[in-house]
Number of protein chains: 2
Amino acid sequence: MTANPSFMSGVPELLVLRLLQDREMYGYEIVAAMAAATGQVVAPKEGVIYPLLHDLEKEGLLKAQRRPAGGRTRVYYTLTSKGVRRLFDLTDDWTRMTRAIQHVLKGPAHAV
Amino acid sequence: MTANPSFMSGVPELLVLRLLQDREMYGYEIVAAMAAATGQVVAPKEGVIYPLLHDLEKEGLLKAQRRPAGGRTRVYYTLTSKGVRRLFDLTDDWTRMTRAIQHVLKGPAHAV
DNA sequence: TTGTATACCTATTTTCTCTAGGTATCAAGT
DNA sequence: ACTTGATACCTAGAGAAAATAGGTATACAA
């Protein structure tokens with residue numbers, strides 16, 4: 001019973017890092033932004049995003065700062081330089097991976 | 001400790017189906033063919049491929065036939081019509097998914 | 001005051017992949 | 001004759017990630 005299609009492994013991490021590259025965001029906002037930016041194609045719920053944010057922070061890829069906003073307290077996340085490096089690495093991996101798969105899907109012309 | 005990069009979820013299934021679309025193959029052959037076709041980028045070991053083949057057969061996506069070949073017995077797999085349909089569906093999913101992600105990675109021009 | 005949206009959180013289950021073995025046959029080398 | 005390496009099949013257990021399915025609390029509108 002998968003709400004999202006397959007091929008999701010590592011994708012939430014990649015997209016969280018990419019979204020935070022543009023500007024700081026808080027968790028609830030990231031959930032909505034990811035769904036919007038991908039046209040609902042990649043739309044992990046809070047149960048995926050919050051634990052992921054905590055892990056990325058523990059790894060030193062994100063910096064979190066609680067800040068009051070409109071009566072509430074929000075937790076804003078920004079990329080660390082380590083996070084930026086990870087984003088580059090993951091983007092590379094993703095590109096190599098999708099190129100390789102695309103190649104196979106197109107084949108077997110490549111073998112001829 | 002991942003031998004393969006991330007973003008792997010569902011990929012072995014997609015590629016097994018795609019490879020078998022071209023011609024029947026046996027398990028050990030598929031392991032080598034997948035590594036070769038992807039330039040070692042996607043190279044799951046036998047411990048991934050064999051259980052996957054058994055699952056796909058149980059689901060009726062593949063048909064298996066044991067056949068002696070060179071003194072040994074090999075298990076050759078072919079796509080069923082259900083398997084062909086699944087390949088189309090997964091290919092669609094994969095295309096939608098990678099397009100959506102590509103879009104986000106390129107952004108935020110898309111939002112402007 | 002009842003409901004809905006916002007905003008945070010976590011425990012458990014499920015689903016895959018990965019690791020790390022094991023068995024058996026055959027060909028080639030020593 | 002013996003060992004090694006390639007071929008060819010298999011599975012059990014560990015590990016990682018996402019999905020599920022909750023829970024808490026505040027603000028605002030009906």
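Labels below follow one simple rule: chain letters A, B, ... track the order of the sequence lines, proteins then strands, and each chain is numbered from 1.
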Exercise for review: Measure from CD on B:Glu29 to C1' on D:dT7 and round the result to the nearest Å.
Suggested key: 12 Å
Check your understanding: So, do B:Leu17 and B:Leu62 sit near enough that their side-chain heavy atoms are less than 4.5 Å apart?
Key -> yes
Review point. What is the distance, rounded to the nearest whole Å, between atom OH of A:Tyr50 and atom C1' of D:dA18?
Key: 17 Å
Review point. Over how many whole Å does the gap from B:Leu15 atom CG to C:dC16 atom P extend?
Key: 15 Å
Exercise for review: Quick one: list whatever passes side chain to side chain donor-acceptor pair (under 3.5 Å) with A:Asp92, sequence neighbours left out.
Suggested key: none
Exercise for review: Indicate yes or no for a side-chain donor-acceptor contact from A:Thr80 to the backbone of A:Leu61 under 3.5 Å, with no hydrogens or angles considered.
Suggested key: yes
Exercise for review: Indicate whether OP1 or OP2 belonging to D:dC9 is found under 4.0 Å from a side-chain N or O atom of B:Tyr28.
Suggested key: no
Check your understanding: Can you list every pair that meets ring-ring contact (aromatic ring centres under 6.0 Å, His included) and has a residue in residues 30-75 of chain B, with sequence neighbours left out?
Key -> none
Review point. Considering only C:dC8, C:dT17, D:dC10, which nucleotide approaches the side chain of B:Tyr77 most closely?
Key: D:dC10
**Study point:** Closest-nucleotide ordering on DNA chain C, the 5'-leading residue of A:Pro51 and A:Thr73
**Key:** A:Thr73
Review point. Can you tell me how far C1' of C:dT6 sits from OH of A:Tyr76, to the nearest Å?
Key: 12 Å
Practice item. Given side chain to side chain contact (heavy atoms under 4.5 Å, CB included), test B:Asp93 with B:Arg96 step by step and report yes or no. Key: CA-CA 5 Å; B:Asp93 287 350; B:Arg96 277 177 46 255; 3.5 Å; yes
Practice item. Figure out the CZ/C1' separation between A:Arg66 and C:dA7, and round it to whole Å. Key: 10 Å
Check your understanding: Listed in order of residue number, which residues of residues 54-65 of chain A have a non-hydrogen atom at under 4.0 Å from DNA chain D?
Key -> none
Point to revise | For atom CE of A:Met97 and atom P of C:dT17, their distance in whole Å | key: 10 Å
Review point. Listed by chain and number, what are the side chain to side chain donor-acceptor pair (under 3.5 Å) partners of A:Gln21, not counting sequence neighbours?
Key: A:Arg18
Review point. Choosing from C:dC9, D:dA17, D:dC9, which nucleotide comes nearest the side chain of B:Tyr26?
Key: D:dC9
**Study point:** A:Ala36: side chain to side chain contact (heavy atoms under 4.5 Å, CB included) partners, not counting sequence neighbours
**Key:** none
Check your understanding: When you look at A:Thr38 and A:Leu15, which way does the side chain to side chain contact (heavy atoms under 4.5 Å, CB included) test go after all the steps?
Key -> CA-CA 10 Å; A:Thr38 63; A:Leu15 293 187; 4.0 Å; yes
Would you tabulate the nitrogen or oxygen pairs shorter than 3.5 Å linking the protein to nucleotides 20-23 of chain C?
none

**Study point:** Integer-rounded Å distance: C:dC16 C1' and B:Leu90 CG
**Key:** 14 Å
Study note, to complete from the structure: So salt bridge (Lys or Arg N to Asp or Glu O under 4.0 Å) across residues 75-91 of chain B, not counting sequence neighbours, yields B:Glu13-B:Arg86, B:Glu59-B:Arg86
Check your understanding: Taking only residues two or more places apart in sequence or in another chain, which ones pass side chain to side chain contact (heavy atoms under 4.5 Å, CB included) with B:Thr98?
Key -> A:Trp94, A:Thr98, B:Trp94
Hey, can you pull the donor-acceptor pairs under 3.5 Å for the side chains in residues 24-32 of chain B, sequence neighbours left out?
| from | atom 1 | to | atom 2 | distance (Å) |
| --- | --- | --- | --- | --- |
| B:Glu24 | OE1 | B:Arg67 | NH2 | 3.0 |
| B:Glu24 | OE2 | B:Arg67 | NH1 | 3.3 |
| B:Glu24 | OE2 | B:Arg67 | NH2 | 3.1 |
| B:Tyr26 | OH | B:Arg74 | NH2 | 3.4 |
| B:Glu29 | OE1 | B:Tyr26 | N | 3.2 |
| B:Glu29 | OE2 | B:Arg23 | NH1 | 2.8 |

Point to revise | Rounded distance (Å) that lies between atom C1' of C:dT17 and atom CG of B:Leu14 | key: 16 Å
Could you go through nucleotides 26-30 of chain D and list every protein N or O atom that sits under 3.5 Å from one of its N or O atoms, giving the distance for each pair?
| from | atom 1 | to | atom 2 | distance (Å) |
| --- | --- | --- | --- | --- |
| D:dT26 | O2 | A:Arg72 | NH1 | 2.5 |

Practice item. Could you list the residues that satisfy side chain to side chain contact (heavy atoms under 4.5 Å, CB included) with A:Thr95, not counting sequence neighbours? Key: A:Thr91, A:Arg99
